[in-house]
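One structure is given below, encoded as structure tokens.
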Amino acid sequence: MMHLDSIFHPGITVNEIREERGMTPADLAAASGIPEADILSILHLEKDITEEYAKGLEKAFGIGAYYWLVLQEHYNHEMSTWRKLHDDRRDD
């Protein structure tokens, strides 16, 4: 059975890498060209990684935009599956 606590938003990975590199959210914003408010929203798991954000993260971290987009797509798929399973159980 899939558990919600096993599904990770890409913002968790962004935050881990940011911390490993000793960057503040402001540093990441400057390096990526992403507004700091949007960086904070990603770090707080409130915003998804768009193509634009993925390109900025690639610029800041040197990790390809494709990686970030795949993480986001995986998260979206897992959440969709979890919601469907959860909703199906309510119907029983």
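These values consider heavy atoms only, across backbone and side chains, with no hydrogens, waters or symmetry-generated copies. Remember, it's a predicted structure, so these values are computed and weren't measured experimentally.
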Inset, instruction - In sequence, state the C-alpha distance, the side-chain angles, and the governing distance for Lys47 and Tyr53, and then conclude on side-chain contact (heavy atoms from CB on, under 4.5 Å). - result: CA-CA 10 Å; Lys47 267 193 188 286; Tyr53 294 153; 3.6 Å; yes
In Å and rounded to the nearest 0.5 Å, what is the [atom1] to [atom2] distance from [X] to [Y]?
{"X": "His77", "Y": "Ile7", "atom1": "NE2", "atom2": "CD1", "answer": "9.5 Å"}
{"X": "Glu46", "Y": "Asp38", "atom1": "CD", "atom2": "CG", "answer": "10.5 Å"}
{"X": "Ile39", "Y": "Met23", "atom1": "CD1", "atom2": "CE", "answer": "8.5 Å"}
{"X": "Ile34", "Y": "Ser41", "atom1": "CD1", "atom2": "OG", "answer": "11.0 Å"}
{"X": "Ile42", "Y": "Ser32", "atom1": "CD1", "atom2": "OG", "answer": "8.0 Å"}
{"X": "Arg18", "Y": "Leu28", "atom1": "CZ", "atom2": "CG", "answer": "7.5 Å"}

Inset, instruction - Check whether Leu45 and Leu69 end up in the same hydrophobic cluster, where Ile, Leu, Val, Met, Phe, Trp and Tyr are linked by side-chain heavy atoms less than 4.5 Å apart. - result: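 No, separate clusters.
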Would you say the side-chain atoms of [X] pair up with the backbone N or O of [Y], donor to acceptor, closer than 3.5 Å?
{"X": "Gln72", "Y": "Ile49", "result": "yes"}
{"X": "Trp68", "Y": "Ile63", "result": "yes"}
{"X": "Asn76", "Y": "Glu73", "result": "no"}

Legend entry - Plane angle bin for His9 and Tyr75 - parallel if under 30°, tilted between 30 and 60°, otherwise perpendicular: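 Judged by the thresholds at 30° and 60°, the geometry between Tyr75 and His9 is perpendicular.
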Locate the shortest heavy-atom distance separating [X] from [Y]; write the atom from each residue and the value.
{"X": "Asp27", "Y": "Gly22", "value": "OD2-O, 4.1 Å"}
{"X": "Val14", "Y": "Phe61", "value": "O-CZ, 3.9 Å"}
{"X": "Ala60", "Y": "Arg21", "value": "O-NH1, 4.2 Å"}

Legend entry - Student check: side-chain heavy atoms of Tyr67 and Thr13 closer than 4.5 Å: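 In contact.
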Inset, instruction - Inspect the surroundings of CD in Glu19 and state if more than 12 heavy atoms from other residues, nucleotides or ligands are less than 6.0 Å away. - result: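 Result for CD/Glu19: enclosed.
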